[in-house]
Colleague: 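Attaching a single structure in structure tokens format; questions to follow.
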There are 2 protein chains.
Amino acid sequence: MRFMTSLKFIDVVAREGSIRKAADKLAITSTALNRRILQIEDEIGQPLFERLPGGVRLNTAGEIFVQHIRLQFADLARVQSQIADLSGIRRGHVRIASGADALRRLLPETIATYRASHPAVSFDLVRCYGDESESRLFSLDADIALIFAPIRAAHVHVAATLRQQIHCVMPADHRLAAREQIRLRDLAGEKLVLPTAQSGVRQLLDTGLLRRNVETDVILESDSFEFMQNFLHFEPSLFFQIPIAIGAGGDGPANDFDPRLVARPIHPDDVPAGTLHICHLKGRVLPVAAAKFLDDIITTLRDSYHQDVDQ
Amino acid sequence: MRFMTSLKFIDVVAREGSIRKAADKLAITSTALNRRILQIEDEIGQPLFERLPGGVRLNTAGEIFVQHIRLQFADLARVQSQIADLSGIRRGHVRIASGADALRRLLPETIATYRASHPAVSFDLVRCYGDESESRLFSLDADIALIFAPIRAAHVHVAATLRQQIHCVMPADHRLAAREQIRLRDLAGEKLVLPTAQSGVRQLLDTGLLRRNVETDVILESDSFEFMQNFLHFEPSLFFQIPIAIGAGGDGPANDFDPRLVARPIHPDDVPAGTLHICHLKGRVLPVAAAKFLDDIITTLRDSYHQDVDQ
DNA sequence: GCAAAGCGCTGCAAAAATTGCACTGCTTGC
DNA sequence: GCAAGCAGTGCAATTTTTGCAGCGCTTTGC
């Protein structure tokens, strides 16, 4: 897209924070890039960047303009996929930002199903915590975000929510495995494996544990659910998940939760249920492929996971 | 805006329906323009125009793309005015499409009041009928439309509505001037001066007259309310207006309705009240100036005209 | 029925722009 | 106080865009 290059250049400079670095990335000389930026600033009538000793940074006008640029790119992509649709090709690209919770089963399954009927649609999946997911929506680097945490920013539109009770995962022969529900006081003295502090699961757990003053033994902290689950086979301990991450509740053939492990819900009086938010940027027209995929996620949750989905 | 020229060119070609005509308008050669269009079609991967013997016409892909282009231009204008706002200049431009009804008092008064506090904001006013107003919103040639007629297109967002009973305007010494309300049967044999068939007032009147089979004498048809009002001084006859067009109801000093004429409402059982719609394009973020002006119109109607405004 | 006019499109040379190189002035970090 | 890294500038090379002349085509008018 020749007519978008100057705009793309500005976007990259804004991201890199330096004209020279951006020029490197764009495979042109810094002088050419510099002049393009000066020219556009001239056309706008105001500088878009502050010149700092170590590079450049967007000023307020630049922030506004770059946001406009990113929206243009996203909208152009939408228009292109819409035009491609006309010739029956049905191609497109969907960019998702998701917490680790949805990576075990929900997203792999939904994406595979979607691609079965639309093989020309490609996907981008970035695993990140709630705050980054939100900012990815805002910078239009993601079309859809799955966030298991409270939503902070006003620019996020929540298309659907799903209540999830935190479960305690343990070896099948653990003394707590006999219980139907776990109380927090049961965890006293137990060895815990916890997700990092940024995780929504951890935040919910922490408030419960702090309030009740339960003395626990946190032996491991990780941002990888897979690692934590594997760890349990080597040192008996407890870790925590939400149902969609466990894969329980799904009725497909691939309920792949490890048979040597069991999951028991924590009593809702101790730790309240959290909310999985399925979101996109407020006021944005999603590309056809992304809009359709968003529908698919919600349908999958309702039909296959038998979960109450609020829309 | 150098980086928008190619897009502007496509927009103009689409409007002109011919590359050569568009090239004339843009003050370049048709060959240069032609090649720019071929290049963009190449980048899009599909033709945007059908080549006809007498010129070119947008195909479906082109329709989608041109709509995108126009939105970009409108959004760029919004961004620019937002950036200008930062430096405290508060400039901007508001484009209005309105029926003749709002031209007597509502728009002059509201625009003047607005400009008193924002002297750097300029206005564009195009007088047109409902259908054209709607298409102007769609082609982003207008930010705001005032339409006294039913809304047809789905892409129009109605920000506020105002019920308006049609009034019959006549010389003060007319035999009907004594009545508080006019019935359609009173009009039998009267000489009528009517707005053109495209006008909302005319459409409402026609359905009433047809249903009741009233025999009338239409001596004049015009699209100019001013002309029709002046005509009444030379040949006693009846013409029709809605309150905001008469200027009645306003409590400002400029109730400029001609003292030699009087207006009497038509009985609502004969001709139902019509609706004035104040609209903008659905899903569009209006430029700051336009958004503020839209608020002002609604406030003026509510406060100064004491009209019930539905939002 | 045939010429004239109008249309989109192409080869080629001129004009205009963008780019890269060498270099300046500036600040920061060691 | 000197090297390194930054944005910006003059100038020549390069790439892109433009204009001219002309082609093939269809419609219009006599």
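Sequence lines set the chain letters: A, B, ... in the order given, protein chains first and strands last, and positions in each chain run from 1.
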Colleague: Any salt bridge linking B/Arg51 with B/Glu41? Criterion: basic side-chain nitrogen under 4.0 Å from a carboxylate oxygen.
Modeller: yes
Colleague: Using the side-chain contact (heavy atoms from CB on, under 4.5 Å) definition, which of the options B/Glu221, B/Met228, B/Gln203 pairs with B/Pro195?
Modeller: B/Met228
Colleague: Please determine if B/Lys292 and B/Asp295 form a salt bridge, counting it only when a charged side-chain N lies under 4.0 Å from a carboxylate O.
Modeller: no
Colleague: Once you measure the plane-to-plane angle for A/His157 and A/His280, does it fall in the parallel (<30°), tilted (30-60°) or perpendicular (>60°) bin?
Modeller: tilted
Colleague: For DNA chain C, find the residues of residues 12-30 of chain A with a heavy-atom distance under 4.0 Å and give them by number; none if there aren't any.
Modeller: A/Ile28, A/Thr29
Colleague: Round to the nearest Å and state the distance from A/Leu52 atom CG to C/dT27 atom C1'.
Modeller: 11 Å
Colleague: Under 4.0 Å between a side-chain N or O of A/Gln39 and OP1 or OP2 of C/dT18?
Modeller: yes
Colleague: To the nearest angstrom, how far is B/Asp42 atom CG from D/dT17 atom P?
Modeller: 12 Å
Colleague: Using a strict threshold of under 4.0 Å (side-chain N to carboxylate O), is an ion pair present between B/Arg15 and B/Asp141?
Modeller: yes
Colleague: Can you tell whether the side chains of B/Asp75 and B/Arg78 come within less than 4.0 Å, N to carboxylate O?
Modeller: yes
Colleague: Flag the pair B/Arg152 and B/Glu134 as a salt bridge only when some basic side-chain nitrogen lies within less than 4.0 angstrom of an acidic carboxylate oxygen.
Modeller: no
Colleague: Give a yes/no answer on whether the side chain of A/Arg36 brings an N or O atom under 4.0 Å of OP1 or OP2 in C/dT18.
Modeller: no
Colleague: Tell me whether the OP1 or OP2 atom of C/dG8 has a side-chain N or O from B/Asn34 closer than 4.0 Å.
Modeller: no
Colleague: Mind checking if B/Glu50 touches a base, just sugar-phosphate, or nothing, with heavy atoms under 4.0 Å?
Modeller: nothing
Colleague: Could you state the atom-to-atom distance from CD1 of A/Ile37 to C1' of C/dT18 in whole Å?
Modeller: 15 Å
Colleague: Remember a base hit wins even if backbone is also touched, and classify B/Arg35 as base, sugar-phosphate or nothing at under 4.0 Å, heavy atoms.
Modeller: base
Colleague: Identify which nucleotide among C/dG8, C/dT27, C/dA22 has an atom closest to any side-chain atom of A/Thr31, counting heavy atoms from C-beta outward.
Modeller: C/dA22
Colleague: Tell me which of A/Leu33 and B/Arg51 sits closer to the 5' end of DNA chain C, going by the nucleotide each one is nearest to.
Modeller: B/Arg51
Colleague: Starting at atom CZ of A/Phe9, determine the distance to atom P of C/dT18, rounded to an integer number of angstrom.
Modeller: 12 Å
Colleague: Nearest whole Å is fine: how far is D/dT16 C1' from B/Leu38 CG?
Modeller: 16 Å
